[in-house]
Amino acid sequence: MESSLFLYNTLSRRKEKFEPLNPPFVGMYVCGPTVYGDPHLGHARPAITFDLVLRYLQHLDYKVRYIRNITDVGHLEHDLDEGEDKIAKKARLEQLEPMEVAQYYADRYFVFMDALNVKRPSIEPRASGHIIEQIEFIKKILEAGFGYEVNGSVYFDTEKYSREYTYGKLSGRVLEDLLSNTRELEGQDEKRNPADFALWKKAQPEHIMRWPSPWSDGFPGWHIECSAMGARYLGEYFDIHGGGMDLLFPHHESEIAQNQAALGHESVKYWMHNNMVTINGQKMGKSLGNFITLDEFFNGSHPGLTQAYSPMTIRFFILQAHYKSTLDFSNEALQAAEKGLKRLFAAIESLDKLLDRDPGSGMQDAGFHYPAPDSRLPALRDACYEAMNDDFNSPIVIANLFEMVRIINSVNDKKESLSADDLKLLKQTVETFVYEILGLKNELSGDNSEYLKGLMELVLKIRQDSREKKDWGTSDQIRDTLQKLQITVKDGKEGSIWELKGING
RNA sequence: GGUAUCGUGGCCGAGUGGCUAGGCAGAGGUCUGCAAAACCUCGUACAGCGGUUCGACUCCGCUCGAUACCUCCA
C-alpha cells in the first residue's frame, strides 16, 4: 500500500496528493447543520461523506482532530421576514426559547447521525458559544481595513479586498459579474457594495437572539463563525475544510476572504465539497420543501416512501455514489441498496461460518486439498485501497467487495476452494473495509440473542430430522410458520440457515 | 445572463483513449424434495453534431438538456 492518498481540492479544481501540514496530525473542519429543523437526507450526505474521510484517515494512522460546528445563530430568513434570525423566528412561532429549539434539533441531529453510524467529531462547537471569538475576528478584519461599520452593523469590503486579493477564487466568480448580476433585495442600502457581506448585524428590537459587541447589540454574520471556530480549534492553518457544494458560494468564499483579511493568509490547504442529494432531479432542501427527514425514512412515514429504510440502507445508498456526484433519491434505488447490502452481509456471515468450520487444521485429513494462494484476493484488497486513495471512491470499493462476495459464495457452494490463509485474508479485508472504513454494520445480527439462537438451533434440528425422514409436511410447516414470524429458512449443503426478515424486523 | 458541475444500458451508479465496473430489476440454466439463497450465461449503454487520432463513451468545439450557486437561503 505504498500509493498515496489523493483528494480533489475545490480550490485548484484538481486532485492533489494529500500531505498534511503536521503529520501525523490532521485538522479537519466541516460545516455542520443549522439546527432549526429535523435532519433530512440532505444532511446525511456531508455527515457520511466526511465520516468516510475521517475513518479512512484514521485507518491510515493519522491523528485527526475533526471539528463540525453547530450553527445556532445568525442565519437570516430569506423570504418572508427580512432580517429575522431563522432560529428566532421558529422560536417565536412555537413559543419556545431560541436555545430550546436549537438544543432540541441538535439533539435530534446527534441521534440520527448516531443511527447512521457517523462517528462523533472531536469537537462540535456552537456558534452561540463563540461570540467572543467571532467579535475578535471581526476586530482583526476591521484593523486590517477590510471592514466598515454602518449603524451598528459591520460589513466586509469586497471591493477593497479585491484590490489585493481575489474574491471569487474558490467559486470561480468574478467580482464585477457579481456586482452587475446581483438581484435587488431589501435592506441592502447600508452596504457600500452589493457584494459586501455582513460580519455583524445590529439586532432589530424584536430580535431576541442578541449579544453585546463594540458596535451594537446584535448577532454575528453567517460566515464568521467558521472562520473564528476553525482558527480557535485548528489554528490559523489547517488541512481540510469540507461542506456541501451549496456552501461554496458565498459561505466558503467569504470565509477565505475573512481569514485572508484578518490573518494575512488563507487557512485551508484542501477544500472538499460533497454534492447534493436530489429528488426527482431537484436538490432536496429545506427551502424547496421537498425534503424527507431521516425520521421519516426510518419509519417509512412519508407519502413519497413505499416502505421504511433502515439507517444502514441509507448509509450504503449514499456510499454507493461518489461524494462529488449528485445522488438521485428514489424508492427503486433505495430498495436496490437494501438488497445489495443484505447480500453483502449474508456473505460475511457465510465467511464467518466457513472459518468456524475450517480453522485451518485438519483440512487434508478431511479430504480437502490445500489450494494455492489465490492471487485475486490481494489484487482485490489493493483495488480497494487504490479506490480509497483516489479521492475516496467508495463505489469502487463496494464493487470490489461484491467481487469478494461472489468468491465467498462460490466457496460456500463448494464450487471453488480457498486455503485457510486466504479465507483469513478475505475476512480481514472485508471487515476492514465494510466495518472500519465504510462504517457499515449488520443490523440483522443485532437481534440474534443467544436465547434466540439456541431456540432456532433446536427448531432447525427438529426440522432437519423430519427432512431426513422425508416428512415434508412437518418440515414445510415449520418453515412456513417461521416465515410468518419473519424468519426465513434457507436450506444449504451444510444444513439450514435462518435470518430475520427485513432489516427493520 | 454569469459561475460551476453533469448528461452512461429498464432503474441506481463507477470508469477509461483501444482490454468486464458493481448493485437492483429482467431472461435462460445449474443445484435442491419443494421453496429461498447461491452460482453460471445474456442485454453489447455511454445526449446530438462536427473535429483531433490508427482508434473516442473517454480529448477539443458547437448544439440541446439537466442541476447547483449568484449575498446572507444545508
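Proteins come first, then strands; the chains are lettered A, B, ... in the order of their sequence lines, and each starts at number 1.
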Asks: Which of these passes side-chain contact (heavy atoms from CB on, under 4.5 Å) with A:L199: A:F156, A:W215, A:Y155, A:F146?
Replies: A:F156
Asks: Return yes if a side-chain donor-acceptor contact under 3.5 Å exists between A:N259 and A:S227, otherwise no.
Replies: yes
Asks: Describe the nucleic acid contact of A:M284 in one word from base, sugar-phosphate, nothing, applying a heavy-atom distance below 4.0 Å.
Replies: base
Asks: Pairs counted as Watson-Crick or G-U wobble with both distances under 3.5 Å: what dot-bracket string results for RNA chain B, using | for bases tied to another strand?
Replies: (((((((..(((.....[...))).(((((.......)))))....(((((..]....))))))))))))....
Asks: Would you tabulate the pairs of protein nitrogen or oxygen atoms and nucleotide nitrogen or oxygen atoms of nucleotides 33-35 of chain B closer than 3.5 angstrom?
Replies:
unit_1: B:G33; atom_1: O6; unit_2: A:S475; atom_2: OG; d: 3.1
unit_1: B:G33; atom_1: N1; unit_2: A:D476; atom_2: OD1; d: 2.9
unit_1: B:G33; atom_1: N2; unit_2: A:D476; atom_2: OD2; d: 2.7
unit_1: B:C34; atom_1: O2; unit_2: A:R479; atom_2: NH2; d: 2.6
unit_1: B:C34; atom_1: N3; unit_2: A:R479; atom_2: NH1; d: 2.8
unit_1: B:C34; atom_1: N3; unit_2: A:R479; atom_2: NH2; d: 3.2
unit_1: B:C34; atom_1: N4; unit_2: A:R479; atom_2: NH1; d: 3.4
unit_1: B:C34; atom_1: N4; unit_2: A:D491; atom_2: OD2; d: 3.0
unit_1: B:A35; atom_1: N1; unit_2: A:D491; atom_2: N; d: 3.3
unit_1: B:A35; atom_1: N3; unit_2: A:R479; atom_2: NH1; d: 3.0

Asks: Using atom NZ of A:K415 as one end and atom C1' of B:U41 as the other, report the distance to the nearest whole Å.
Replies: 13 Å
Asks: When rounded to the nearest Å, what value does the distance between C1' atoms of B:G43 and B:U20 take?
Replies: 14 Å
Asks: What orientation do A:F50 and A:Y323 show, parallel under 30°, tilted 30 to 60°, or perpendicular over 60°?
Replies: tilted
Asks: What is the distance, to the nearest angstrom, from the CZ atom on A:F249 to the P atom on B:U5?
Replies: 16 Å
Asks: As a test of understanding, state which of A:E255, A:E253, A:H251 forms a side chain to side chain donor-acceptor pair (under 3.5 Å) with A:H223.
Replies: A:H251
Asks: With rounding to whole Å, what would you report as the distance between B:C54 and B:A14 at their P atoms?
Replies: 33 Å
Asks: One thing to verify: whether A:D480 and A:K484 come together as a salt bridge, which I'm taking to mean a side-chain N less than 4.0 angstrom from a carboxylate O.
Replies: no
Asks: May I ask you to evaluate whether A:K339 reaches the phosphate of B:G23, defined as a side-chain N or O under 4.0 Å from OP1 or OP2?
Replies: no
Asks: In terms of side-chain heavy atoms of A:Q320, which of B:C40, B:G15, B:G23 is nearest?
Replies: B:G23
Asks: Using atom P in both nucleotides, what's the gap between B:C24 and B:U41 to the nearest angstrom?
Replies: 15 Å
Asks: Which whole-number value in Å describes the distance from A:I398 CD1 to B:C12 P?
Replies: 17 Å
Asks: Considering only B:A68, B:G15, B:C39, which nucleotide approaches the side chain of A:I396 most closely?
Replies: B:G15
Asks: Taking the six-membered ring of A:Y148 as reference, does the cationic atom of A:R192 (NZ for Lys, CZ for Arg) lie under 6.0 Å from its centre and within 45° of its axis?
Replies: yes
Asks: Could you measure between the two P atoms, the one in B:A21 and the one in B:G33, and give it in whole Å?
Replies: 37 Å
Asks: Taking the six-membered ring of A:F402, is the NZ or CZ of A:R343 close enough (under 6.0 Å from the centre) and on axis enough (within 45°)?
Replies: no
Asks: By the 4.0 Å heavy-atom rule, please label A:P33 as base, sugar-phosphate, or nothing.
Replies: nothing
Asks: Find the distance A:K324:NZ to B:U5:P and express it as a whole number of Å.
Replies: 10 Å
Asks: Using the P atom on both, measure B:G10 against B:C6 and round to a whole Å.
Replies: 23 Å
Asks: Charged N to carboxylate O under 4.0 angstrom, A:R463 versus A:D491?
Replies: yes
Asks: Could you go through A:D465 and A:K469, starting from their C-alpha distance and side-chain angles, then the distance that decides it, and tell me whether this counts as salt bridge (Lys or Arg N to Asp or Glu O under 4.0 Å)?
Replies: CA-CA 6 Å; A:D465 289 346; A:K469 287 182 225 153; over 6 Å; no
Asks: Under the side-chain contact (heavy atoms from CB on, under 4.5 Å) test, which residues partner A:Q134, sequence neighbours left out?
Replies: A:A127, A:H130, A:I131, A:P220, A:I224, A:E225, A:A228
Asks: Identify, between A:Q335 and A:S325, the residue whose nearest nucleotide on RNA chain B lies closer to the 5' end.
Replies: A:S325
Asks: Kindly state each residue pair satisfying salt bridge (Lys or Arg N to Asp or Glu O under 4.0 Å) with at least one member in residues 322-332 of chain A, sequence neighbours excluded.
Replies: A:K324-A:D391
Asks: Is the phosphate of B:U67 approached by A:N275 (side-chain N or O, under 4.0 Å from OP1 or OP2)?
Replies: no
Asks: Please list, for nucleotides 8-11 of chain B, all pairs of protein and nucleotide N/O atoms separated by less than 3.5 Å.
Replies:
unit_1: B:C11; atom_1: O2'; unit_2: A:E332; atom_2: OE1; d: 3.3

Asks: Heavy atoms under 4.0 Å, any strand shown: does A:G42 hit a base, just sugar-phosphate, or nothing?
Replies: base
Asks: Would you kindly give the NZ-to-C1' distance between A:K283 and B:U5, to the nearest whole Å?
Replies: 14 Å
Asks: Once you round it to whole Å, what is the distance between P of B:U67 and CG of A:D246?
Replies: 16 Å
Asks: As a test of reading the structure: which of B:U71, B:A21, B:G15 is closest to the side chain of A:A399, going by heavy atoms?
Replies: B:A21
Asks: How close or far is atom C1' of B:A4 from atom CD of A:E253, stated in whole angstroms?
Replies: 12 Å
Asks: For B:U63 versus B:A38, give the span between their C1' atoms, rounded off to a whole number of Å.
Replies: 49 Å
Asks: Whole angstroms only, please: what is the CD-P distance between A:E338 and B:G23?
Replies: 17 Å
Asks: Please work out whether the ring planes of A:H273 and A:H252 are parallel, tilted or perpendicular, with thresholds of 30° and 60°.
Replies: tilted
Asks: Using the C1' atom on both, measure B:A45 against B:G22 and round to a whole Å.
Replies: 15 Å
Asks: What contact category does A:L334 fall into here, base, sugar-phosphate, or nothing, at under 4.0 angstrom with non-hydrogen atoms?
Replies: nothing
Asks: Is the A:Y385 ring parallel, tilted or perpendicular to the A:F433 ring (thresholds 30°, 60°)?
Replies: perpendicular
Asks: What integer number of Å spans the P atoms of B:G17 and B:G23?
Replies: 24 Å
Asks: Report which part of the nucleic acid A:L248 touches: base, sugar-phosphate, or nothing (heavy-atom distance under 4.0 Å, all strands).
Replies: nothing
Asks: What is the nucleic acid contact for A:F402, judged by heavy atoms within less than 4.0 Å: base, sugar-phosphate only, or nothing?
Replies: sugar-phosphate
Asks: Indicate whether OP1 or OP2 belonging to B:C39 is found under 4.0 Å from a side-chain N or O atom of A:N409.
Replies: yes
Asks: Within the pair A:R343 and B:C39, is there a side-chain N or O less than 4.0 Å away from OP1 or OP2?
Replies: yes
Asks: Give every residue pair that meets the salt bridge (Lys or Arg N to Asp or Glu O under 4.0 Å) criterion with at least one member in residues 312-322 of chain A, sequence neighbours excluded.
Replies: A:D51-A:R315
